[in-house]
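First the structure, in the form of structure tokens, and then the observations on it.
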Amino acid sequence: MRNLVILRLCGYNKTVSDSMWKGCVAMYQQIAEYFQTSSERWFSMLAGHIGLSAGALLPAIVIAVPAGFLCVRYARLNRPVTALFGTLRIIPSLAVLLLMLPVLGTGALPAMAALVLLAIPPILANTIAGLNGVPDFMLETAVSLGMTQEQVWWKIRFPLALPLIFAGVKTAAVEIIASATLAARIGAGGLGDLIFTGIGLFRTDLLLIGGGSVAVLSLLAGLLFGLLEKMCIRYKTI
Amino acid sequence: MTEYLIKHYDDLAEAALVHLQLVLLAMVCSLVLAAALTVVCSCSGKIAGIVTGLLAMIYSVPSLAMFALLIPLTGLGKTTAVIVLVIYNQYLLLQNFLAGLDSVDKGVTEAAAGMGMTNLQILIKIRLPLAREALAAGIRIALVSTVSIATIAASINAGGLGTILFDGLRTMNIPKIVWGSLASALLVILTDRVTRFISPHRGPA
């Protein structure tokens, strides 16, 4: 009885809750129907999304990690490069994507270029932090053991910086997967198509499927790279 | 290109104002909520762990999806946009607030407790002033990211600079797209620079 009074005070109303329940059931049916009728289309959009994200992440790693190495090797480069990419990072992803439009046109290529730009800053920053974060005494020990500079880089600095680099890649991957949703706006495909269609047609089921899929995808990517990061940490003793 | 700017600079300025209004509203709400959450989380480590874990999970949901997912619940428009911005900010703010408050030297807080201060007094008179820089840094990061994400809020009709972007895209009006993107980029960079200038931050950025 007391619970009922509290529920009433909270605005609980049987008919309202009934209609909400019916709405949920209807929503579930709609989603189930979508997967029955157009699961192929969903899979192709998912594949497009993953392809777009991977296609942006790889070039970003290939650019950012060597750039980070150069920034640490030649300390003079550090400030201008990090300032440049720091500024690039805070620019809204939508603006970066749309600025590519007049230059590269529509499609997957401009989207990928924009996503690469978005993914570079976190990887670069973490590479620099990781390489610089190796304690001096370790480098000195390595040198005094008779390692050449090259060996110090490959056997000491990079392995010790790897967990942080992977943390950067994780941030970048999550950011790319999220921003790739917006890439649908410039005709790059992916799960963003579903969300924009859902907004356009006011179809809640499409919104739930699209948003949910992207959310799960970015969570999975975060978990995957988190695992890789943990695997690299075994090198780290301090 | 410049013709658009000369003709429609008032549109850009108006959109920027709406944008800032949205950001301001979201920031005020998120600061209040984050302050409350910080007090709750600083009571027990367990609650802090659960709350930050949950917020980290929410933070990894892409903003467009988040905006879209809330449409069925709160409809199109500003309310939904502000709710999403506030939710995103909680992660950034809470993380920085908790780290800042934790970074205060234990000796100082123990001395304060030894002088007979209550927990609340320690929080307000000792830990808050000493953690000022970290708190300001958290607020700055949250503000910049809010200005940035608010662009996407235009996709659910919340107004702001994103409206110009989406309008330009719909009609394939290249000058509109370019100036809209440049304006939103400029607004974020300006926010970043101005807040960096006024925040109590010493040493290199």
Side-chain angles (χ1 to χ4, degrees), chain A residues 23 27 79 82-83 86-103 106 170-171 173-187 191-192 194-196 198-200 202-208 210-223, chain B residues 1 19 56-73 75-76 141 143-145 147-157 160-162 164-166 168-170 172-193 204-205:
Chain A
M27 183 58 58
R79 272 181 73 106
T82 42
T87 312
L88 267 181
R89 178 176 197 176
I90 59 170
I91 294 176
S93 38
L94 191 63
V96 178
L97 274 168
L98 294 194
L99 274 176
M100 287 290 155
L101 201 57
V103 187
T106 54
K170 181 170 100 178
T171 316
V174 170
E175 225 161 89
I176 284 182
I177 289 175
S179 302
T181 330
L182 295 169
R185 208 78 188 103
I186 59 171
L191 286 163
L194 208 55
I195 296 179
F196 278 113
I199 293 178
F202 227 78
R203 288 263 309 266
T204 315
D205 52 328
L206 293 187
L207 289 179
L208 278 172
S213 312
V214 179
V216 170
L217 202 59
S218 66
L219 280 176
L220 282 181
L223 279 179
Chain B
M1 267 313 174
H19 199 99
M57 231 161 85
I58 295 175
Y59 192 72
S60 68
V61 177
S63 44
L64 183 67
M66 188 75 117
F67 282 124
L69 282 174
L70 274 182
I71 294 177
L73 295 177
L76 290 166
I141 294 170
L143 179 65
V144 171
S145 99
V147 175
S148 181
I149 298 175
T151 335
I152 302 163
S155 68
I156 57 159
N157 238 358
L161 281 169
I164 293 181
L165 286 178
F166 281 115
L169 201 60
R170 199 169 304 125
M172 265 327 248
N173 185 343
I174 298 286
K176 205 167 178 176
I177 295 175
V178 171
W179 285 113
S181 324
L182 283 180
S184 48
L186 209 68
L187 191 68
V188 179
I189 294 172
L190 218 65
T191 318
D192 182 52
R193 286 294 125 90

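Labels below follow one simple rule: chain letters A, B, ... track the order of the sequence lines, proteins then strands, and each chain is numbered from 1.
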Rounded to the nearest 0.5 Å, what separates atom CG in A/Leu101 from atom CD1 in B/Ile177? 5.0 Å
If I take atom CD1 from residue B/Ile152 and atom OG from residue A/Ser179, how far apart are they, to the nearest 0.5 angstrom? 7.0 Å
Could you grab the distance from atom CG of B/Leu76 to atom CD1 of A/Ile199, nearest 0.5 Å is fine? 8.0 Å
Below 4.5 Å from any heavy atom of chain B, which atoms of A/Leu98 appear? Answer side chain, backbone, both or neither. both
Please round to the nearest 0.5 Å and tell me the distance separating atom CD1 of A/Ile91 and atom CD1 of B/Ile189. 4.5 Å
Do the side chains of B/Ile71 and A/Thr204 get nearer than 4.5 Å, heavy atoms only? no
Count the heavy-atom pairs under 4.5 Å between each of B/Leu165, B/Val144, B/Thr151, B/Val147 and chain A, then report the option with the highest count. B/Leu165
In short, A/Pro92 meets B/Ala185 closest at the heavy-atom pair CD-CA, 4.1 Å
For the interface with chain A, which of B/Gly180, B/Ser63, B/Ala150, B/Ser181 has the highest count of heavy-atom pairs at distances below 4.5 Å? B/Ser181
Does the side chain of B/Ser148 come within less than 4.5 Å of A/Ile90's, by heavy atoms? no
Give, for atom CZ of A/Arg185 and atom CG of B/Leu64, the distance between the pair rounded to the nearest 0.5 Å. 9.5 Å
Need one label for B/Leu169: side chain, backbone, both or neither, based on atoms under 4.5 Å from any heavy atom in chain A. side chain
Roughly how far, to the nearest 0.5 Å, is the CD1 atom of A/Ile195 from the CE atom of B/Met66? 12.0 Å
Measure across A/Ala95 and B/Ser184 and return the closest heavy-atom pair with its distance rounded to 0.1 Å. CB-OG, 3.6 Å
A/Leu99 versus chain B, heavy atoms under 4.5 Å apart: side chain, backbone, both or neither? both
Taking the side chain as C-beta and beyond, is there a heavy-atom pair between A/Leu94 and B/Phe166 under 4.5 Å? yes
Could you look at A/Val214 and say if it's the side chain, the backbone, both or neither that has a heavy atom under 4.5 Å from chain B? both
Side chain to side chain donor-acceptor pair (under 3.5 Å) with A/Thr171: which residues, sequence neighbours excluded? none
